[in-house]
Each structure stands twice: as C-alpha cells, then as structure tokens.
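Working notes for the structure below.
Values reported hereafter were calculated over all heavy atoms of this structure, with side chains retained and with hydrogens, waters and symmetry mates removed. Reminder, nothing fancy here: chain letters follow the sequence lines and each chain counts from 1. What you are looking at is a predicted structure, and each value in this text was computed from that prediction instead of being measured.
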Number of protein chains: 2
Amino acid sequence: MSEPQLLEVRSFADEPCLRADAARNRAKLLEAAARLIAEHGVAGVTMEAVAAAAQVGKGTVFRRFGDRTGLLMALLDHSAQTLQADFLGGPPPLGPGAPPVERLRAFGVAVLYRHAEQLDLQLAAQPEPTRRFAHSALQALRTHVMVLLRQILPDADCELLSQTLMAYLDPALIHHLTRQCGMPMERLEAGWIDLVDRVTGTQLPR
Amino acid sequence: MSEPQLLEVRSFADEPCLRADAARNRAKLLEAAARLIAEHGVAGVTMEAVAAAAQVGKGTVFRRFGDRTGLLMALLDHSAQTLQADFLGGPPPLGPGAPPVERLRAFGVAVLYRHAEQLDLQLAAQPEPTRRFAHSALQALRTHVMVLLRQILPDADCELLSQTLMAYLDPALIHHLTRQCGMPMERLEAGWIDLVDRVTGTQLPR
DNA sequence: TTACGATCCGGACCGAGGTCCGTTTAAAAG
DNA sequence: CTTTTAAACGGACCTCGGTCCGGATCGTAA
C-alpha cells in the first residue's frame, strides 16, 4: 500500500502534534459534534452542548477549535482533503491528464454537488464576512482554479477570474438558488459549464 | 419641483405608516446609530448602546428593525435608493439611453465604489448566510443586472449569470481583495469590465 | 522515580443579540 | 370628550459565543 497521493494535502489546521489527552479530547469532541448534528441538526451544535456531550469543559472546545466556525470547519476537513486529493492527484477529468478546461468543468461540478450534500453544515461553517475569503479551505480550491485558468488564459487576470468562478460555487448561493428559488441542481450544473465557457472563451459554436 | 424619478423606488422595508411616536423613535434610533458609528466605528453599534443613545427601550429597536442587520441595512437604505434612482432614471451611461453593455459596465463600477466607500458598514450589515441572497436591496440590484443581460443575451440563463456578476461586487470580496490582498480599486474596476466583456461575449479584439 | 515546566482542563464569568409580556399611548370611533 | 383597541414601549430575562485563570496533567529530563 503506497500513499495514494504524493502531493502535499495536509490539513490547513494546526497540528503541531497535540499532547495525548488533547488529541483524545479532540477526537471525542468531533465525534460528539457529529452525533449532535445527526440528532438535532446543525442548530443543535452548541459549544456547550458539544462540550457536555464529549464530557469535557467548554474552554477545551474553544482552545482546540478557536471558535464555532473552527469546529464546524474541522468536521468538513476530511471531505475537503478527499476532494483536494481527487483534483490534485486523482484520475481525469478531475485530476491531471485532461485538458485544463475540462478539468475546470469537472471541478466545478464536483464542488457543486459536494456543497449541495453538506449544505447545512457548509452554511453554518461560513465565517463572518471579513474572513470568508481568507479561510484556507477556500483558498486551496481557488488556487487550483487559478492554476487551471492560467493554463487557459495566460494573459488574463486569473486571480480575479478565479474569485468570480469560486463565487458561483458559494454554498450560500447554492442554498438560495436551490432551496429558495427552487432551481434543480442540473440547472446550476449547466450554469457552471456555461460560465466556464464564457469566461475562458471556449464558447460552443451557437 | 417635480418628482425626480417617476419609477417606483420605494424602500424595501416595511412602512405601513408608522404611528407618530414610532416614526419619531425610528428617526432618533437611526440618528443615534449614525452617531455611534462616527464615534466608535461599526463595532460600537450595539443594540443596547443604540437604544440608550436614543433614550429608548431595547425592545423598541428590535420591533422597528427586526435585528441588528435590519438596523444597519436601514442606515444604508438612503444611499441604496439614490443608486437605484440613478440607474433606473438617471443620465447615461448608468441610466437608460446608453446601450445595455455600457450600462452594465457603468453599473458595476458604480456599485464597486459605493461598496468600497461604505465597506465597514456593508460588511457589518451582511446577514447570515441563509439570507444573504434573499435581501431585497441585493435583489433589486441583481434584477437590474438581469434585465440588462437579457437585452444582450436573450437566450442565456440570465438569472444565473446575473448572480455571478453580482457576486463579483460582494462587499466581502471587495474587502478581501483590497484590504487583505492589497489590490487597488483600479484593478477591481478593470476586472469588472473584463468580466462583463467575457460573460457577454463583447470581447475586445485581442 | 521524582521533579519540573509546558500544556491542557474546567467552569465561572461576561457581553451582546434576541424574546416576552405587562404597561402605556396614539388615534380612530362613538 | 370618552371609549376602545391596536400598536408601541420598556426592560427584565434567556441563550449562546467567547474569555480567563487557578488548578490538574502530561511528557521529559535528571
């Protein structure tokens, strides 16, 4: 069994090798949080409730995860790393091997459905506006988009364009369009393809 | 003196004719909030502080504005209506008269700078993720973009495209790019023009 | 094994948003 | 001018995120 991915896919969070008890509590807390979500939904994930469910002091939760957002992000971390591994080292069209435009299309669709599956958690994990774009999970995704874009449009402002593309995949937007406007996911998916084509100038002949 | 705009530009908020005392208190509260911002920044705008500064009970603030976001939005309301009047009935290229693509370009630039001016307040007024896209102030802007887009691209999914374009103008994104990444506004402005051109296929000959 | 310092733990404490309900008051009806 | 009622008022109260610090624990080095 060799490592499935050779590329650096480490977690964004801090892990300077926790003390034994700290690591144990961390695991207990994540498990407790997951259980609370399963039982009472994301709204039931109160810092005190998590602490109680994990039989741990409240302060412990905050020291480990910083704040509520941090805890929720940690719950999403595993899935985030899986996705990252997929588009960094997995099979095409997501992974390397396919032409950049196709990778971009596949990437968006993958993120779209991943976010849709975890919508409630993704929404709750959304940090306050000032930090929304600073979070490393998002940064990683955006950087990947930017790299792909640069291969397609070497002369464009790919930093800005990548922000625009990522904005389309914002969980809050997905929530609004699917749950408040009633759009089916297929339409969002088509919208992504269309957007990629327009931005990259890969317009299908009309 | 005739009404400057004939189009419906009424506030999005509730105003089923308040009772005299209610209207008076509403004004006192807005004034107090503005003063608090001037003195202690947006962070100083605490619901209790506003209530106290306006010599009013805390419950009054909540009944009038619903929540903190509502109060902050109300502070932005006047500027929002001005902008709306400008692009609905003002002079070109923002208002009617110019070709749709130019109106779109002008619109984005106008919103960009308006948001940049009021960044702190805009950020603080940002509602929780589930309501971010539902708010009527945003809806009004997006609808306008959509109308313009439809004139340019009658066969495209303008609802989705307009969301994408609006996302570029998100105050949180502007904050990130200018204050955290250090980009000058000129670059964001150029980015908007570029984005509009790509999306509408109005690519300048390269 | 013991001693020690860094790290972690726990839960009291605080501030702020939001709710509730008994009381007051504007303003329309008689 | 009185009555009446829907609306507005006020502030006590609750919840929850986040902070703090004295005390317990782990890991290490002697």
Review point. Taking A:Y168 for the side chain and B:L160 for the main chain, is one N or O donor matched with an acceptor at less than 3.5 Å?
Key: no

Point to revise | Modelled atom types, side-chain donor and acceptor of B:T130 and B:E128, under 3.5 Å | key: yes

Review point. Phosphate oxygens OP1/OP2 of C:dC8: is one of them under 4.0 Å from a side-chain N or O of A:N25?
Key: no

Check your understanding: Rounded to the nearest Å, what distance is computed from the CD atom of residue A:Q55 to the C1' atom of nucleotide C:dC8?
Key -> 18 Å

Exercise for review: Mark yes or no for a side-chain to base donor-acceptor pair under 3.5 Å between B:R19 and D:dA7, with no hydrogen or angle criteria applied.
Suggested key: yes

Point to revise | Integer-rounded Å distance: D:dC16 C1' and A:D67 CG | key: 13 Å

**Study point:** Side-chain N or O of A:R24 closer than 4.0 Å to phosphate OP1/OP2 of C:dC8
**Key:** no

Review point. Which distance, rounded to the nearest 0.5 Å, do you find between the CE of B:M146 and the CD of B:Q163?
Key: 9.0 Å

Check your understanding: Given D:dA8, is OP1 or OP2 found less than 4.0 Å from the side-chain N or O atoms of B:T60?
Key -> no

Review point. Within the structure shown, what part of the strands sits under 4.0 Å from A:R68 by heavy-atom distance: base, sugar-phosphate, or nothing?
Key: sugar-phosphate

Check your understanding: Within this structure, what is the CZ-to-C1' distance between B:F62 and C:dG17, rounded to whole angstrom?
Key -> 5 Å

**Study point:** CA sep, side-chain torsions, deciding dist, call: B:E159, A:L177, side chain to side chain contact (heavy atoms under 4.5 Å, CB included)
**Key:** CA-CA 10 Å; B:E159 205 161 341; A:L177 294 177; 5.8 Å; no

Check your understanding: Rounded to whole angstrom units, what separation is found between the CG atom of B:L72 and the P atom of C:dG18?
Key -> 11 Å

Point to revise | Nearest-nucleotide pick for B:R64, side chain only, options being D:dC9, C:dG17, C:dA6 | key: D:dC9

Point to revise | Side-chain donor/acceptor of B:Q139 to backbone N/O of B:F133, under 3.5 Å | key: yes

Review point. Which of these nucleotides, D:dA8, C:dC8, D:dG27, is closest to any side-chain atom of A:A20?
Key: D:dG27

**Study point:** Proximal nucleotide (of D:dC13, D:dG18, C:dT25) relative to the B:K58 side chain
**Key:** D:dC13

Practice item. Would you kindly compare B:M47 and A:D21 by the position of their nearest DNA chain C nucleotide and give the one closer to the 5′ end? Key: A:D21

Practice item. Give a yes/no on whether any side-chain N or O of B:R63 is located under 4.0 angstrom from OP1 or OP2 of D:dA7. Key: no

**Study point:** Spacing between B:L29 atom CG and D:dG10 atom C1', to the nearest angstrom
**Key:** 13 Å

**Study point:** Euclidean distance, atom CD of residue A:E128 to atom P of D:dG17 [Å, nearest integer]
**Key:** 15 Å

Check your understanding: When the distance from CZ of B:R26 to P of D:dA7 is rounded to whole Å, what number comes out?
Key -> 18 Å

Practice item. Measure from the side chain of A:T46, starting at C-beta and using heavy atoms only, and say which of C:dC9, D:dA12, D:dG17 lies closest. Key: D:dG17

Check your understanding: For B:E48 and D:dC14, what is the distance between atoms CD and P respectively, to the nearest whole Å?
Key -> 15 Å

